Visitor: 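First the structure, which I've put down as structure tokens, then a few questions once you've had a look.
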Amino acid sequence: MNVFRILGDLSHLLAMILLLGKIWRSKCCTGISGKSQILFALVFTTRYLDLFTNFISIYNTIMKVVFLLCAYVTVYMIYGKFRKTFDIENDTFRLEFLLVPVIGLSFLENYSFTPLEILWTFSIYLESVAILPQLFMISKTGEAEAITTHYLFFLGLYRALYLANWIRRYQTENFYDQIAVVSGVVQTIFYCDFFYLYVTKVLKGKKLSLPMPI
């Protein structure tokens, strides 16, 4: 395990903590896509089924449990504890437009046609597009709170660091996971425009605004 993997995991964890902290402190989940959070919870659930069958390391196990807990606590806060503040009118992305092709692709392109392997592949493909409902919501409302943009930045940074991790692993271990790498590249591309706006606006104290769809 190299430094890029560790930094990627920490960036991912920080993103989730920032989001949970924002909801808990403000007692409000306005501006947060519940649909994206459902997809992320589904990603972790289908990816970490091996938690009960394969032990890799204490670090690996702890991170899996923490990510699962954070994902489900976030979903509970949005749809349970603070559901009255949930902006359902703007969280309108059609999840079937993501789930149907991802399910189909996971059956067609995988390393082994077994239940656990197909579910793992499904989680990789789904993670690459799980942020789209959140980005769609921001484009629909035209703006995002600073804390939400920080969450998105660290989530995108996590993917960028994982790309560096895969490059490093290929150099040192001759290891190459085509499904994970391609999906990671696709996911990082989705964040590119956001990264530019984050650096040019949010870091300068300006509010992030996106053109609203006509």
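Basis for what follows: all heavy atoms, side chains included, without hydrogens, waters or symmetry-related copies. The shown structure was predicted, so the numbers you read here are calculated from the model rather than taken from an experiment. Positions are given from 1 along the sequence.
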Visitor: Restricting to non-hydrogen atoms, name the atom on F82 and the atom on I23 that form the minimum distance, rounded to 0.1 Å.
Guide: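 Result for this residue pair: CD1-CG2, 3.5 Å.
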Visitor: In Å and rounded to the nearest 0.5 Å, what is the CZ to NZ distance from R83 to K81?
Guide: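 Between atom CZ of R83 and atom NZ of K81 there are 10.5 Å.
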Visitor: If you count every heavy atom of other residues, nucleotides or ligands that lies below 6.0 Å from Q178 atom CD, does the total exceed 12?
Guide: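 Atom CD in Q178 is not crowded, with 12 or fewer foreign heavy atoms closer than 6.0 Å.
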Visitor: Would you give me the side-chain donor-acceptor pairs under 3.5 Å for residues 72-80, sequence neighbours excluded?
Guide:
{"unit_1": "Y72", "atom_1": "OH", "unit_2": "T45", "atom_2": "OG1", "d": "2.4"}
{"unit_1": "T74", "atom_1": "OG1", "unit_2": "C70", "atom_2": "O", "d": "2.7"}
{"unit_1": "Y79", "atom_1": "OH", "unit_2": "K35", "atom_2": "N", "d": "3.4"}

Visitor: Report yes if some heavy atom in the side chain of K27 is under 4.5 Å from a heavy atom in the side chain of T85; otherwise report no.
Guide: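 They are not in contact (no side-chain heavy atoms under 4.5 Å apart), so the answer is no.
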Visitor: Give me the atom names and distance for the closest heavy-atom approach of T92 to F136.
Guide: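 Taking T92 first and F136 second, the nearest heavy atoms are OG1-CE2, 3.5 Å.
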Visitor: Please round to the nearest 0.5 Å and tell me the distance separating atom OG1 of T149 and atom OH of Y151.
Guide: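 Here the interatomic distance stands at 12.5 Å.
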Visitor: Looking at every heavy atom in both N2 and F4, which two are closest together, and how far apart are they?
Guide: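 Distance-wise, the nearest heavy atoms are OD1-N, 2.9 Å.
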Visitor: Yes or no on side-chain contact (heavy atoms from CB on, under 4.5 Å) for T114 and I118, after CA distance, side-chain angles and deciding distance?
Guide: CA-CA 6 Å; T114 60; I118 290 173; 5.9 Å; no
Visitor: Taking atom types as modelled, is there a side-chain donor on R159 or Y191 under 3.5 Å from an acceptor on the other?
Guide: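 On atom types as modelled, these side chains do not qualify, holding no pair under 3.5 Å.
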Visitor: Hey, does the side chain of D91 reach the backbone of S33 with a donor-acceptor pair shorter than 3.5 angstrom?
Guide: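 No, D91 side chain to S33 backbone: no donor-acceptor pair under 3.5 Å.
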Visitor: Is the backbone of Y125 close enough, under 3.5 Å, to the side chain of S128 for a donor and an acceptor to pair up by distance?
Guide: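 Yes, S128 side chain to Y125 backbone: donor-acceptor pair under 3.5 Å.
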Visitor: Using side-chain heavy atoms (C-beta onward) and a distance below 4.5 Å, is L135 in contact with F93?
Guide: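 SC-SC contact between L135 and F93 ruled out.
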Visitor: Side chains of K22 and I32: does their closest heavy-atom pair fall under 4.5 Å?
Guide: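 Result yes, sub-4.5 Å side-chain heavy-atom pair found.
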Visitor: How far apart are the C-alpha atoms of L99 and L42, what are their side-chain angles, what is the distance that settles it, and do they pass the side-chain contact (heavy atoms from CB on, under 4.5 Å) test?
Guide: CA-CA 11 Å; L99 290 172; L42 185 57; 4.1 Å; yes
Visitor: Partners of V100 by side-chain contact (heavy atoms from CB on, under 4.5 Å), sequence neighbours excluded?
Guide: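 Partners of V100 by the side-chain contact (heavy atoms from CB on, under 4.5 Å) criterion, ordered by chain and then number, come out as E96.
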Visitor: Report yes if some heavy atom in the side chain of W166 is under 4.5 Å from a heavy atom in the side chain of D177; otherwise report no.
Guide: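 Not in contact.
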Visitor: What closest approach, in Å, do A41 and A71 show between heavy atoms, and which atom pair accounts for it?
Guide: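 Looks like CA-CB, 3.9 Å.
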Visitor: Before giving the answer on side-chain contact (heavy atoms from CB on, under 4.5 Å), spell out for Q134 and T148 the whole-Å C-alpha distance, their side-chain angles and the decisive distance to 0.1 Å.
Guide: CA-CA 10 Å; Q134 180 66 66; T148 305; 4.2 Å; yes
Visitor: Is there a chain of hydrophobic side chains (I, L, V, M, F, W, Y, each step under 4.5 Å between heavy atoms) that links I167 to Y162?
Guide: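 In one cluster: no.
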Visitor: Side chains of W120 and Y111: closer than 4.5 Å at any heavy-atom pair?
Guide: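 Side chain of W120 against side chain of Y111, heavy atoms only: contact under 4.5 Å found.
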Visitor: Applying side-chain hydrogen bond (donor to acceptor under 3.5 Å, both in side chains) as the test, list every pair that has at least one member in residues 47-69; sequence neighbours left out.
Guide: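 Sorted result for residues 47-69: D9-Y59, R47-S123, R47-E127, D50-K64, N60-K64.
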Visitor: State whether the number of non-hydrogen atoms from other residues, nucleotides or ligands found under 6.0 Å of I58 atom CD1 is greater than 12.
Guide: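 It does not: I58 CD1 has 12 such atoms or fewer within range.
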Visitor: Taking all heavy atoms of I124 and all of A180, pick out the closest pair and write down the distance.
Guide: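 Residues I124 and A180, closest heavy atoms: CG2-CA, 3.9 Å.
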Visitor: Over 60° means perpendicular and under 30° means parallel, so tell me whether H12 and Y158 are parallel, tilted or perpendicular.
Guide: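 Parallel: the ring planes of H12 and Y158 meet at under 30°.
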Visitor: Between the side chain of N110 and the main-chain N/O of F107, is any donor-acceptor distance below 3.5 Å?
Guide: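 Answer holds: yes.
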Visitor: Which atom pair, heavy atoms only, marks the closest approach of F40 to A130?
Guide: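 Nearest pair, atom of F40 first, then A130: CE2-CB, 3.7 Å.
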Visitor: Hydrophobic clusters here meaning ILVMFWY residues chained together by side-chain heavy-atom distances under 4.5 Å, can you tell me if V65 and F55 are in one?
Guide: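 Yes, V65 and F55 fall within the same hydrophobic cluster.
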Visitor: How long is the gap from CG on N165 to CZ on R168, to the nearest 0.5 Å?
Guide: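 Reported value, rounded in 0.5 Å steps: 10.5 Å.
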Visitor: Can you sort out the partners of N90 under side-chain contact (heavy atoms from CB on, under 4.5 Å), two or more places apart, ordered by chain and number?
Guide: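 Here the qualifying residues are D87, M137, K140, T141.
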Visitor: What pairs with V129 under side-chain contact (heavy atoms from CB on, under 4.5 Å), at least two apart in sequence or on another chain?
Guide: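 Residues passing side-chain contact (heavy atoms from CB on, under 4.5 Å) with V129: L98, V102, L126, L132, F190.
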Visitor: Please say yes or no: joined through hydrophobic side-chain contacts below 4.5 Å, possibly via intermediate residues, are Y170 and V181 part of one cluster?
Guide: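 Yes: a chain of side-chain contacts under 4.5 Å links Y170 to V181.
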Visitor: In the hydrophobic cluster built from side-chain contacts under 4.5 Å, what are the other members alongside L116?
Guide: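 L49, L119, all in the cluster of L116.
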Visitor: Are V3 and F154 connected in the hydrophobic side-chain network, where two residues link if heavy atoms are under 4.5 Å apart?
Guide: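 Result: yes, single cluster for both.
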Visitor: To the nearest 0.5 Å, tell me how far W24 CH2 sits from I17 CD1.
Guide: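 Here the interatomic distance stands at 15.5 Å.
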Visitor: Counting C-beta onward and ignoring hydrogens, is there a side-chain heavy-atom pair between L14 and L18 closer than 4.5 Å?
Guide: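 Answer yes - side chains close enough.
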Visitor: Between T121 and E117 (side chain of the first, backbone of the second, donor and acceptor by atom type, cut-off under 3.5 Å), is there such a pair?
Guide: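 A pair under 3.5 Å: yes.
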Visitor: I'd like to check L161 versus R5 (side-chain heavy atoms, cut-off strictly below 4.5 Å). Are they in contact?
Guide: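 No, side chains not in contact.
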Visitor: Check for me, please, whether I6 and V66 land in the same ILVMFWY cluster - side-chain distances under 4.5 Å, paths through other members count.
Guide: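 I6 and V66: one cluster.
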